[in-house]
Amino acid sequence: KKQATALQKELSQTIIEATSPDELIRVEITADQKIRSILIDLSYMIPEKKENLELQLKNVISSALTQSQQVAANKMREMGGLEGLMGGLQ
């Protein structure tokens, strides 16, 4: 239980940043998948760029989530995997 609590705390304090290819959209999430911030450049704030903004935002959030899952999986492995976190009880 202590390991699981420690893992949760570490994941909540680990920040992942993902940006769009043009670097005009940035999303920060924690490794436990809580969104901390979404930054969008003002150049996207025109009606003509609405569809592109939606697409880029979806892609950046998806990238951030994938990265957070990888970080969480790596941290779990470091702590002995699921069995290690549950104290061998299953």
Side-chain angles (χ1 to χ4, degrees):
K1 175 140 170 112
K2 284 184 181 181
Q3 275 189 310
T5 302
L7 174 63
Q8 186 63 32
K9 183 177 180 181
E10 188 171 346
L11 293 177
S12 71
Q13 295 174 346
T14 302
I15 307 301
I16 291 119
E17 182 179 300
T19 59
S20 60
D22 58 11
E23 298 184 355
L24 297 178
I25 299 172
R26 185 173 75 226
V27 173
E28 288 183 349
I29 68 169
T30 58
D32 63 348
Q33 300 185 340
K34 305 285 190 274
I35 295 176
R36 289 180 41 108
S37 68
I38 298 174
L39 302 168
I40 302 170
D41 189 89
L42 286 175
S43 65
Y44 269 111
M45 301 299 171
I46 58 173
E48 295 80 21
K49 290 192 173 184
K50 180 183 182 293
E51 281 185 41
N52 191 34
L53 170 59
E54 292 169 344
L55 175 66
Q56 292 297 332
L57 188 56
K58 177 189 73 76
N59 291 341
V60 172
I61 290 172
S62 293
S63 174
L65 289 171
T66 298
Q67 290 177 58
S68 73
Q69 291 165 351
Q70 292 169 344
V71 167
N74 289 339
K75 300 236 183 247
M76 277 184 69
R77 267 194 298 282
E78 290 171 10
M79 295 184 140
L82 189 56
E83 287 182 22
L85 289 173
M86 297 183 73
L89 301 174
Q90 293 208 353

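Keep in mind that this is a model prediction, so the values were computed, not measured. The chain is numbered in sequence order, starting from 1.
With a 4.5 Å cut-off on side-chain heavy atoms, Gln56 and Leu24 do not count as touching. Annotation: side chain of Val27 is in contact with side chain of Leu57 (closest heavy-atom distance under 4.5 Å). Thr30 is not listed as a side-chain neighbour of Thr14, based on a closest heavy-atom distance of 4.5 Å or more.
Note that the CD1 atom of Ile35 and the CD1 atom of Ile61 stand 5.0 Å from one another [nearest 0.5 Å]. Summarising the geometry, atom NZ belonging to Lys75 is positioned 7.5 Å from atom CG belonging to Leu11; distances are rounded to the nearest 0.5 Å. From Ile16, atom CD1 reaches atom CD of Gln33 across 8.5 Å, with rounding to the nearest 0.5 Å. Separation of atoms CZ (Arg26) and CD1 (Ile40) is listed at 11.5 Å; rounding is to 0.5 Å. Separating the CG atom in Leu65 from the CD atom in Gln70 is a distance of 11.5 Å, to the nearest 0.5 Å. To the nearest 0.5 angstrom, Ser43 atom OG is 4.5 Å from Lys49 atom NZ.
At most 12 heavy atoms of other shown residues, nucleotides or ligands fall within 6.0 angstrom of atom CD in Glu23.
Cluster annotation: Leu39 and Leu42 are assigned to distinct hydrophobic clusters (Ile/Leu/Val/Met/Phe/Trp/Tyr, side-chain heavy-atom contacts under 4.5 Å, transitive). Ile29 is connected to Ile38 through a chain of hydrophobic side-chain contacts under 4.5 Å among Ile, Leu, Val, Met, Phe, Trp and Tyr, so both are in one cluster. Residue Ile46 is not grouped with residue Leu53 when hydrophobic side chains (ILVMFWY) are merged at heavy-atom distances under 4.5 angstrom, including chains of intermediate members.
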Inset, instruction - Check the pair Ser63 / Gln67 against side-chain hydrogen bond (donor to acceptor under 3.5 Å, both in side chains), numbers first and verdict last. - result: CA-CA 6 Å; Ser63 174; Gln67 290 177 58; 3.1 Å; yes
Inset, instruction - Apply salt bridge (Lys or Arg N to Asp or Glu O under 4.0 Å) to Lys50 and Glu54, showing your working. - result: CA-CA 6 Å; Lys50 180 183 182 293; Glu54 292 169 344; 2.4 Å; yes
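The two residues Val71 and Ala31 make their nearest non-hydrogen contact at CG1-CB, 3.8 Å.
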